[in-house]
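Each remark here refers to the structure printed beneath this line.
Predicted model only: the values in this text are computed from it and were never measured. Here is how names work: the chains are called A, B, and so on, in the same order as the sequence lines, proteins then strands, and each is numbered from 1.
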There are 2 protein chains.
Amino acid sequence: MMNAKKFPDGSIDGLHNTVLDSGQLGNRVRDKRRKDGLTQQDLAAVAGVGVRFVSELENGKPTVQLNAVLAVLAALGLQLVVVEK
Amino acid sequence: MMNAKKFPDGSIDGLHNTVLDSGQLGNRVRDKRRKDGLTQQDLAAVAGVGVRFVSELENGKPTVQLNAVLAVLAALGLQLVVVEK
DNA sequence: ACAAAAAATTACCGTAAGGGAATAATCGAC
DNA sequence: GTCGATTATTCCCTTACGGTAATTTTTTGT
C-alpha cells in the first residue's frame, strides 16, 4: 500500500491530481483547457454545456452537477478515478 | 509519458477504478459502503446528506451535485483523481 | 503606459430539476 | 410472518442550468 501522494503537487505519478474539493477540480480543468489553447466558449461548445457553467466550474463552484462535469472532463480528454484514501 | 493504464481494469495500480460515468461511480460507492458494513442511512448521516441522495447516487443518477458526491466519497475514505485519458 | 481586443465573470430571467423529510412500498434475511 | 434495510413516491423549497447581455478582467499591440 502507500501508493498515493509521492509527488509534491499531490499527484500519484506526476500526471494525476487528487480532487478533494471542487476548487482543485476547477483548477485542473482551467489548466488543461489553457494548455489545449481553448477558450471557455470553445470548451463549452465541445462539451455541450453553457459558457457560464465552464466559468463556474473552473472557479470551484461546489454544486455543479456530475454529468456536466464529466462532459467537460471528457471534452478535455480527462477522466475521473476513484481511489482509496 | 506513458505512465497511466498499466492494469487491465484501467486502474493505475490495481486498486483504483476509473469513473467514466455516474453509473460506475454509484457501483463503487455501493460496494465500498457494503464492505464497510454501513447502511445508506449510516452513510448519509456521516456524509451529511439525505438518504435519498445516497440511494440515487448508488443508482447512478447523472445529475447529482459534486459537493454531495465528494462528501459521500470522503465519508467512505475514497477520493477522486483526475487522470489523462 | 495606453488603448484596443479578447476573454472571463456576473446579473437577469425562465425552465427544469435537485435535495431533504416523511411516507409507503419492496426486498431480504432470519 | 416479522424486522430491518433499501428503494420509490410525494410535497415543498431551493437552485442549477442555458441564453443573452452587460460588466469586469486579462491579454495583446503599439
Nearest 0.5 Å please: distance from the CG atom of B:Leu38 over to the CZ atom of B:Arg30.
13.5 Å
In whole Å, I'd like the distance from the CZ atom of B:Phe53 to the P atom of C:dA21.
14 Å
So which heavy atom on B:Gly60 is nearest to which on B:Ser22, and how close?
O-OG, 3.0 Å
How does each nucleotide of nucleotides 6-17 of chain C score, in 5' to 3' order, for protein heavy atoms under 4.0 Å: base (B), sugar-phosphate only (S), or none (-)?
-SSBBBB----S
Treating primed atoms plus P, OP1 and OP2 as sugar-phosphate and everything else as base, which nucleotides of nucleotides 25-30 of chain C get B, S or - for protein heavy atoms under 4.0 Å?
------
Using a 3.5 Å cut-off and no angle test, enumerate the donor-acceptor pairs between side-chain atoms of residues 45-57 of chain A and protein atoms at least two apart in sequence or in another chain.
from, atom 1, to, atom 2, distance (Å)
A:Glu56, OE1, A:Lys61, NZ, 3.2

Can you spot which of B:Arg34, B:Lys32, B:Arg33 makes a side chain to side chain contact (heavy atoms under 4.5 Å, CB included) with B:Asp36?
B:Lys32
Heavy-atom distance under 4.5 Å between the side chains of B:Val64 and A:Gln65, does that happen here?
no
Is a donor on one side and an acceptor on the other found under 3.5 Å between the side chain of A:Asp42 and the backbone of A:Thr39?
yes
Can A:Lys35 and A:Asp31 be counted as an ion pair, charged N to O under 4.0 angstrom?
no
Does the side chain of B:Glu58 come under 3.5 Å of the side chain of B:Gln40 through a donor N or O and an acceptor N or O?
yes
